[in-house]
Amino acid sequence: DGVPPRAMASRYIMVPAPFSYLLVTVALYGILVLLAGHFLGAIGTQVSMESATGILALSALVVSVVAGMPFYVWPAPLLAALGLAQFYASRAQRDYLFFILGSAISFGWFLSHHFWFLDVSFAGVHLSLLCRLLLLSLALALAIPGLVVMGCPPGLLALLLVAQAFLLGQLEESLYGGMHEEEGLYPAYLVALTSAAALIMLHYLVERKIVGAVTAWVLRCLYGAKLVILVLPGAHAQMAATVVALSSSASYIIPRGGKRMSPGQGTGLASAIFVSFFCARYLLFDAIEVFTEHRPSEAVLLGAMLLGTAAASYPIAALHFPASTNARQGVASLLVLGALIFTLRPPLPASFHSVWDLQHTPEREMDDVAIYGERPTVRSAWPAWLLVSTCLIGLSSLTQGPDQPRRSPAAVLSTAVAAGFGVGVYIASEYFAGEPVLQGSLVAASVMTVLVLTLLQHPFASSPQAMPVLFATLVASLPVGLLLHEAETADQVISPEQVVRVEEVRGALLAFFACVFLLLAFAIKLRMGAMAPTATGKLQSRMMRNKATGSSSGAPRPAHLRSLSSALWQRQMDALGGGWLPALGNTAVGAAVTLALMLNLRLADASEEAIFAIAPLLLLLNQDRYLLTGLADKKRYFPVAVAITFYLITCSAQTITQALRYGRTGALGAAFWSYLVKSAAGLLFTAPSHVLLTKYLWDGTRQPDVLLLCSAPLNIPPMILSDIRATQLLAAWGIAESVTQYFMSRHTRLASLKYI
């Protein structure tokens, strides 16, 4: 007795209780009996057609009475019931037409009696129009199953299915979107449920080849795009979402028969995708506004269109042009262009503002500039477009494929100069406005940097001669720029605020050059890594031919053999044209570390903790022929450990020296000697751990575990008792070194035992 009470709770039941309980029970259970008989195959065998027709007619008549239909409308539901019963047996088109006609008349009376006369609008659509659409949608929903059973032409069936999906989407958009705040009027789960049910039935039709691939594609787009009303109710976004879905998924269905598109078709489809996103610009506007809770700007919207176009165009390149470099370049260019415009938000022409309506008016960066004046941001002036174009130039150079002709050295260098000039002018205009001397230094450094990177990736015959000159020019541009800027500001009378501004500008210049040198050091390290396998292979072949006999495999090589190996390695690198690269890379690393220490002194007042972030940059050092001749790959951690230890010892010694200077003047009084002895002893206690690790990292000699276990506790007293922050960090670093060295030695010993 669970179903009838819920049904009688409806306000559309016009028969008073207790008769309503009886009538509704008869109608519902009569329909349930017929459905069970159909799925069990009992109708026509165990249950005669006459009995089934009678039960169906009785149920229809009871429903008419319960719904309050006047007697002159009763023939309509009876006609529908008799027509459906006859069609079940005969599959005649005339019988099914009677069923549709009777059902439409009955549903039309229900709508006219309860809703049609109301003067109400949902999302701008009057209720009377919605009733007509509901009636038409019902007629289509009833007609489609009969046509499938009778085997109608595929074209007609596809047209009716698409029309039904379109009507359902429009109805739900009006009902849910117009009054989505009214609880229970048209709940959100019905929108999702109708889409899920439609897709399940569509899968059934496709499996039985009742519906073709193109029709199924259109229907999936319609029912999938319908879900957008759950996110943007009342925005009338279903059509825009459908157009975007159709254009974005067209590459999976067009052309048919497993063929691939021609380049013209691919370009046309990509253009159609962008046009679809442009037509859906109001949908993008509303979606961005909903998720960000802020009105988007014009550049953000244009960037979103380009990003969507790039994402939707990727299947075109992947499915139809998998070996085409131009296709990959096109998608990558769209992606980068959209991301840059979305992020940098450069100003757009005034004509772009005219494509929006009053409800969708984006923000304009130029409006903010007109109100508040020029701002030192990346979104207020033309340099943002310069950076966008520069990035696209760089992308076109990086994505050159093997199917494209190799560019001449002049073209490569011209592209590099253009890219470097664009980046330099952008940074100079945005962050060094009003400083022409520093701007010139920065632009020159940017051009030199890009040229060096270009010669690293595309070496020419003259690269060994041009690279040192370009690098020297880059290194010289920093002190020259600072000296000229100092000379320019020396003769000017500036206020304290301007002094702060000058220091900030110089600090920004140091930070820029630090990033430049770090970039070059990283690029050279990668280049050395690419050249090392070839040089190492030749070196190993030569060493194998001259292999000395009688030496233990576990013992370290003598010094003269290590020098010979280093010299042979350098000779092989010279043969590959990279003998000068290690020195340039080491110079760049040294410059980057030096500038990082200067910035630490300026910005963090020589923070002791900063060395743990700066010292790992020394991992970019290379073995060269001048200073670091013995810095093999196995010793790459040696400079890092030495730098951290030396920096912390220097900071501690500086603090002790200052205390000594003040103690001579009597500032510390009787506590001076206690402080001095405690600080000096703290440094001495930390020394064994650092000496042991430094020796291990340099020559790889395993230290006895007893020494490691004895040296580690010596760091505990200075870490607890010292008053100097650098000494405390040095002690903590010593404990970490001892523990790390112990486990490394243990791992080496266990690995050696496996070969015994």
Side-chain angles (χ1 to χ4, degrees), residues 121-125 166 169-170 172-181 188 191 195 221-222 224-249 270-314 334-372 377-380 384-385 388:
S121 295
F122 294 87
V125 181
F166 175 77
Q170 293 298 314
E172 289 187 340
E173 186 173 35
S174 300
L175 293 175
Y176 177 76
M179 297 291 288
H180 65 280
E181 295 180 356
V191 179
S195 293
C221 292
L222 284 170
K226 183 169 66 71
L227 298 175
V228 76
I229 66 178
L230 297 176
V231 182
L232 301 173
H236 298 284
Q238 184 207 356
M239 282 302 302
T242 302
V243 172
V244 171
L246 288 171
S247 62
S248 301
S249 58
S271 303
I273 292 173
F274 178 76
V275 171
S276 69
F277 274 98
F278 182 78
C279 295
R281 59 189 181 276
Y282 298 148
L283 169 61
L284 289 176
F285 185 99
D286 294 330
I288 294 175
E289 188 175 23
V290 166
F291 286 108
T292 62
E293 297 181 354
H294 188 269
R295 191 158 53 98
S297 65
E298 295 176 333
V300 168
L301 292 166
L302 179 58
M305 294 179 195
L306 293 174
L307 287 174
T309 303
S313 300
Y314 174 76
L334 278 178
L335 183 64
V336 172
L337 179 61
L340 289 173
I341 293 178
F342 189 92
T343 304
L344 300 178
R345 288 182 284 174
L348 298 178
S351 57
F352 191 76
H353 191 69
S354 61
V355 301
W356 306 96
D357 58 10
L358 295 178
Q359 289 77 22
H360 302 84
T361 303
E363 290 183 348
R364 298 197 67 204
E365 296 294 333
M366 297 306 296
D367 292 341
D368 295 341
V369 174
I371 296 173
Y372 301 107
T377 64
V378 297
R379 299 180 296 273
S380 59
W385 282 114
V388 171

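Keep in mind that what you see is a predicted model, and the values were worked out from it rather than measured. Counting begins at 1 with the first residue of the sequence.
- Looking at Gln238, its side chain never comes within 3.5 Å of a backbone N or O of Glu173 through a donor-acceptor pair.
- Here the straight-line distance linking atom CD1 of Ile341 with atom CD of Glu298 works out to 12.0 Å at 0.5 Å rounding.
- Remark: Leu301 CG to Phe285 CZ distance equals 6.5 Å, nearest 0.5 Å.
- Around OH of Tyr282, the count of heavy atoms belonging to other residues, nucleotides or ligands within 6.0 Å exceeds 12.
- In this structure, Leu348 and Trp385 have side chains that are in contact, with non-hydrogen atoms separated by less than 4.5 Å.
- Scored by the side chain to side chain donor-acceptor pair (under 3.5 Å) test, Ser248 finds no partners at all (sequence neighbours excluded).
- The side-chain heavy atoms of Met305 and Leu284, taken from C-beta on, include a pair separated by under 4.5 Å.
- With rounding to the nearest 0.5 Å, the separation of CG in Leu334 from OH in Tyr314 is 14.5 Å.
- Considering His360, Glu289, Arg345, Glu363 in turn, Glu289 is the only one that fulfils the side chain to side chain contact (heavy atoms under 4.5 Å, CB included) rule with Pro296.
- Checked against side chain to side chain contact (heavy atoms under 4.5 Å, CB included), Thr361 has the following partners two or more places apart in sequence or in another chain: Arg295, His353.
- Taking both residues in full, the closest heavy atoms of Pro362 and Ser297 are given as CB-C, 3.9 Å, listed atom of the first, atom of the second, then distance.
- Between Thr309 and Ile273, the shortest heavy-atom distance links the atoms CA-CG2, 4.0 Å.
- Annotation: the span from Leu302 atom CG to Phe278 atom CZ amounts to 9.5 Å, rounded to 0.5 Å.
- Here the closest non-hydrogen pair linking Val228 and Ala241 is CG1-CB, 4.0 Å.
- Counting heavy atoms from C-beta outward, Tyr176 and Leu230 have side chains that approach closer than 4.5 Å.
- A pairwise comparison of heavy atoms in Val191 and Ile229 identifies CG1-CD1, 3.7 Å as the closest pair.
- The shortest distance between side-chain heavy atoms of Leu306 and Phe274 falls below 4.5 Å.
- The two residues Ser195 and Lys226 have their closest heavy-atom pair at OG-NZ, 2.6 Å.
- In plain terms, the two heavy atoms of Thr242 and Cys221 that are nearest each other are OG1-O, 4.5 Å.
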